[in-house]
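Report on the following structure.
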Amino acid sequence: MKRERLQHNFSEWFSDILRNADIMETRYPVKGLFVWLPHGLKLRNFVFAIMRGLLEQSGHQEVLFPQLIPENIFRKEAEHIRGFEGQVYWVTHGGRDKLDVKLALRPTSETSIYPIFALWIRSHADLPIKIYQIVNIFRYETKMTKPMIRLREVTTFKEAHTAHAKSEEAEAQVREAVNIYKRFFDELGVPYVVTKRPPWDTFAGAKYSLAFDTLAPDGRTLQIGTVHNLEQNFARVYGLKYEALGGKQHYVYQTCYGVSERVIAAVIMAHGDDVGLCLPPHVAPIQVVIVPIPFKGREVPVEQVATAIKNELAAAGLRVHLDERDLRPGNKFYYWERRGVPLRLEVGPEDVKKEQVTAVRRDTGEKQAIPRGVLKTKVKQLLEGVTGDLRERAWKLFHESIKEAPDTETIKRVIQKRGGIVRAPWCGGKACGEALKEQTGWDLLGEEFDGRAPAGDCPICSKRAKVSVLIARTY
RNA sequence: GGGGUCGUGGGGUAGCUUGGUCUAUCCUGUCGGCUUUGGGAGCCGGUGACUCGAGUUCGAAUCUCGACGACCCCA
């Protein structure tokens, strides 16, 4: 359906959706903190259930670490601190007493988890360790905050941390993480590019960082996932050593990777339209809504039929809701469309007479009659269809927003004009990267990961390009 | 990092320039009633607001300062 308002007035569209679809209450009186409403929280939980499933399948174990980190431990990794110092909330008092050692509200959990890893890791047999947790983190943002996108309390931060005996194993883990995230975003129908972040944008304390970016309707990219190879940086600081077969001590190699509630913003942006939310069936809190259409004076048992249909679909494992409110049907149609329910079933006197149900897809508005006998099968089919079509449409739009550009002027102009992502040739040098950023005025996402061979020369130094670089206006 | 705009019921707004019948307008929502129901029904009745603090003044939604919050632009 139409996506005009969404593209031209994205900010407004997004905040309207949060309210109209009961996703979030945005009026909490502290900057950058927001309240998850029941419908939004269900959506969040279904989204992260997919993530849990993928992580468990690949041998990750869920843990839960404390939220407070003592200052002295937090400050051990110098580079890490430099990256986060300005954004940390500190707990300085306990009741009326000033604390001797301040406590950091975790902005991320490396410094909380790794000292404990040091206690757990004794021998090569203890490795690898692959754990994850889904927690809240705090970052003191000074920029304009935005629900789900730029927060002072990120309420939903999935972070995984691994430790390995060998460097190659850490490299392999990075690959695994990338694949997990690809499957995650694919399941949600959220399109992405993967890049290796430039040196100045690498996670504080990492050897290198990979990142997933998607595109908001206003043409800016949104980072929705990161994967870091920490090598031995943290291991050396926190003393993560194991005894190898020969009896020698070695530092471990580590990786970490994270995804936050930004992914939910990405789902909303990828599939929504001017009417409102449009949710992929896998994560929709309600997958099918039934709207009965009664007529006074007609001797037709619309309500009974609607209830029977509801029970039938619920028994088939679908999340189904029967809307029995005393409102006119049209009102209910708009109500559920705004909330993104993927499929609506109408049951009226005509349907009852013909032993059928009228089905309407949220994404296309397409309407069709389904005979009662094949209802279960057909509804599941339709939902599968919605899932596939949403994913396809989102990727199509995304691909159309990626342009090739050979020189800085074109890069600058293309992004200025329509946003999106520009792919350009790059020698890979840091100085040229910085010059590209400087001269175009836009941000370097980084070197395209697993990208195809670039055509042409680096626009800065004119040497033969080694890689493709992706450039965009970022959130 | 720098600059700008703004804050009135649950949401959207009028009023502010020139302080005073502002007992604060309209739309929407919401609650009760009647009537209705294949795309946001109608009528009647009710509900509900000047962000907070300090100041100027006989008098502040309106003027001044501050805090908090929201939004936009540039780097």
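Letters A, B, ... mirror the listed sequences (proteins, then strands); counts begin at 1. As a basis for the values below, the full set of heavy atoms in this structure was taken, side chains included, without hydrogen atoms, waters or symmetry mates. The structure displayed is predicted, hence computed values, not measured ones.
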- Taking atom C1' in both B:rG48 and B:rA60, what distance in whole Å separates the two? 23 Å

- Message: If you compare every side-chain N and O of A:Arg27 against the phosphate oxygens of B:rG11 (OP1, OP2), does one of them come in below 4.0 Å?
- Response: yes

- Query: Taking atom types as they are modelled, is there a donor-acceptor pair under 3.5 Å from the base of B:rA41 to the side chain of A:Lys332?
  - Reply: no

- Do the side chain of A:Glu25 and the base of B:rG10 come within less than 3.5 angstrom through a donor-acceptor pair of N or O atoms? no

- Please check the phosphate of B:rC74 (OP1 and OP2 only) for any side-chain N or O of A:Arg473 closer than 4.0 Å. yes

- Item | Short side-chain donor-acceptor distance under 3.5 Å, A:His161 and A:Tyr257 | no

- Message: Please confirm whether the shortest side-chain N or O distance from A:Thr358 to OP1 or OP2 of B:rG38 is below 4.0 Å.
- Response: no

- Message: Is a donor from one side chain sitting under 3.5 angstrom from an acceptor on the other, for A:Gln368 and A:Thr358?
- Response: no

- Item | Under 4.0 angstrom between A:Arg344 side-chain N/O and B:rG39 OP1 or OP2 | no

- Side chains of A:Thr214 and A:Phe212 in contact at under 4.5 Å (non-hydrogen atoms): no

- Query: Name the stems that RNA chain B belongs to, where each is three or more consecutive Watson-Crick or G-U pairs with both distances under 3.5 Å?
  - Reply: B:1-7 with B:68-74, B:10-12 with B:26-28, B:29-34 with B:42-47, B:51-55 with B:63-67

- Item | Base B:rG11 paired with A:Asn20 side chain (donor-acceptor, <3.5 Å) | no

- Task: Indicate yes or no: at least one non-hydrogen side-chain atom of A:Gln133 is less than 4.5 angstrom from one of A:Ile113.
- Result: yes

- Task: Using the six-membered ring wherever Trp is involved, compare the ring planes of A:Phe203 and A:His228 and label them parallel, tilted or perpendicular (cut-offs 30° and 60°).
- Result: parallel

- Could a donor-acceptor pair under 3.5 angstrom be found where the side chain of A:Glu350 meets the base of B:rG38? no

- Task: Report yes if the side chains of A:Ile309 and A:Ile290 come closer than 4.5 Å at any heavy-atom pair, otherwise no.
- Result: yes

- Spacing between A:Leu345 atom CG and B:rG39 atom P, to the nearest angstrom: 17 Å

